[in-house]
Amino acid sequence: MIIPTDSGAQRESAAEPALHAGATWQPLPPRGATLAALGSAMALVFPFGFLSFFLSRASHVASPWLVVPVAVLLGAVIGAWVGIRRHRRIAWKLDDEGFALRRGNWWRSETLVPLSRVQHLDLKRGPLERSLTLSTLVVHTAGTRMAALSVPGLDAADAERLRDRLAHQLDHDDAL
């Protein structure tokens with residue numbers, strides 16, 4: 001959606017995903033960091049808890065009743081921190097070449113799905129995502145069974161607009 005400004009120039013609305021040659025990378029909404037933190041924290045809580053239990057039992061230095069809760073808390077904090085950092089390092093863009101996803105900082109990966117390779121699209125919304133008005137967009141591509149690009153933590157409105165634009169592009173490509 002193009003919005004005129006006071007100077008007579010036009011700018012693209014922030015609510016509309018960019019679809020032009022100079023599209024910029026769009027970050028995921030900050031509220032998605034909550035789910036990323038929760039998921040990563042849960043992934044580290046159990047390993048930290050089990051490892052600390054077995055190490056405290058084997059070493060007899062401290063009681064497992066003291067070590068395990070501290071290790072679980074430490075695992076949750078480290079996991080949440082990693083999840084938030086990872087979430088902040090994900091960005092997407094939609095331009096004339098296709099849909100692109102960029103992840104990471106040190107080991108950055110950029111995946112470009114040309115519009116001609118998109119087969120079908122899915123939107124997934126779990127109960128926690130729905131409560132935060134977030135969605136996961138899954139772009140299925142031509143190729144093997146596992147050829148899909150998943151973008152978690154998208155704003156629900158952005159995910160629907162992306163799906164509609166990519167699907168609209170598919171309809172035009174099929175007509176050719």
Side-chain angles (χ1 to χ4, degrees), residues 12 14-55 67-119 121-126 128-163 165-166:
E12 187 153 342
E16 284 289 319
L19 179 57
H20 54 80
T24 59
W25 290 100
Q26 305 292 319
L28 295 178
R31 67 183 180 277
T34 305
L35 288 181
L38 183 63
S40 293
M42 293 304 294
L44 287 185
V45 160
F46 295 112
F48 270 57
F50 286 123
L51 184 62
S52 65
F53 175 77
F54 289 117
L55 288 177
V67 173
V68 171
V70 171
V72 164
L73 182 61
L74 181 65
V77 169
I78 291 172
W81 180 77
V82 167
I84 290 169
R85 303 269 306 176
R86 187 176 292 163
H87 176 80
R88 289 182 183 162
R89 303 282 193 276
I90 300 174
W92 60 270
K93 75 175 177 178
L94 180 63
D95 58 15
D96 294 335
E97 295 179 26
F99 181 72
L101 184 68
R102 180 173 65 190
R103 296 176 192 242
N105 192 27
W106 287 353
W107 291 278
R108 178 168 288 174
S109 72
E110 290 184 16
T111 305
L112 173 67
V113 178
L115 295 175
S116 62
R117 302 301 259 163
V118 175
Q119 294 295 307
L121 305 147
D122 291 327
L123 279 181
K124 296 181 180 182
R125 296 181 186 117
L128 295 176
E129 285 180 315
R130 282 194 309 268
S131 69
L132 294 171
T133 63
L134 297 171
S135 294
T136 298
L137 176 68
V138 183
V139 180
H140 297 275
T141 61
T144 63
R145 188 179 82 142
M146 300 302 289
L149 180 66
S150 181
V151 187
L154 277 170
D155 181 67
D158 282 346
E160 289 175 10
R161 279 194 290 275
L162 279 169
R163 180 198 58 195
R165 283 205 174 168
L166 288 169

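Formation of a donor-acceptor pair under 3.5 Å by the Arg130 side chain with backbone atoms of Arg125 is found in this model. Distance alone, capped at 3.5 Å, places no donor-acceptor pair between the Arg117 side chain and the Thr141 backbone. A donor-acceptor pair is defined here as one N or O able to donate and one able to accept, closer than 3.5 Å; such a pair exists between the side chain of Asp95 and the backbone of Gly98.
Side-chain contact, Thr24 with Gln26: a donor N or O sits under 3.5 Å from an acceptor N or O.
Heavy atoms of other residues, nucleotides or ligands lying less than 6.0 angstrom from CZ of Arg31 number more than 12. Within a 6.0 Å radius of CD in Glu97, other residues, nucleotides and ligands contribute 12 heavy atoms or fewer. Dense packing is recorded around CZ of Arg89, with more than 12 heavy atoms of other residues, nucleotides or ligands lying under 6.0 Å away.
Taking the salt bridge (Lys or Arg N to Asp or Glu O under 4.0 Å) definition, one finds that Arg88 meets it with nothing, sequence neighbours left out. His140 is linked by a ring-ring contact (aromatic ring centres under 6.0 Å, His included) to His120, counting only residues two or more places apart in sequence or in another chain.
Considering all non-hydrogen atoms of both residues, Gly153 and Leu134 come closest at O-CD2, 3.6 Å. The two atoms that bring Ala147 and Ala142 nearest to each other are CB-O, 4.2 Å, heavy atoms only. In terms of heavy atoms, Gly79 sits closest to Ser40 at O-CB, 2.9 Å. The heavy-atom pair separating Gly49 from Val68 by the smallest distance is O-CG2, 4.0 Å. Residue Gly75 comes nearest to Leu44 through the heavy atom pair O-CB, 3.5 Å, listed as atom of the first residue, atom of the second, then distance. Between Val138 and Ala148, the shortest heavy-atom contact is CG1-CB, 4.1 Å.
No option in Leu137, Asp158, Leu149 other than Asp158 meets the side-chain contact (heavy atoms from CB on, under 4.5 Å) test with Trp92.
Taken to the nearest 0.5 Å, the CG atom of Leu115 stands 6.5 Å off from the CG atom of Leu94. Taking CG from Leu51 and CZ from Phe46, the interatomic distance works out to 15.0 Å, rounded to the nearest 0.5 Å. With rounding to the nearest 0.5 Å, the separation of OG in Ser109 from CD1 in Ile90 is 9.0 Å. Within the model, atoms CG of Leu38 and CD1 of Ile84 stand 10.5 Å from one another, a figure rounded to the nearest 0.5 Å. In this structure, Leu121 CG and Glu160 CD are separated by 12.5 Å, a value rounded to the nearest 0.5 Å. Summarising the geometry, atom NE2 belonging to His87 is positioned 4.5 Å from atom CG belonging to Leu28; distances are rounded to the nearest 0.5 Å.
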Requested in this report: Run the numbers on Asn105 and Arg108 for side-chain contact (heavy atoms from CB on, under 4.5 Å), then give the verdict.
Outcome: CA-CA 5 Å; Asn105 192 27; Arg108 178 168 288 174; 4.0 Å; yes
Requested in this report: Test side-chain contact (heavy atoms from CB on, under 4.5 Å) on Phe99 and Val118 and set out the steps.
Outcome: CA-CA 9 Å; Phe99 181 72; Val118 175; 5.9 Å; no
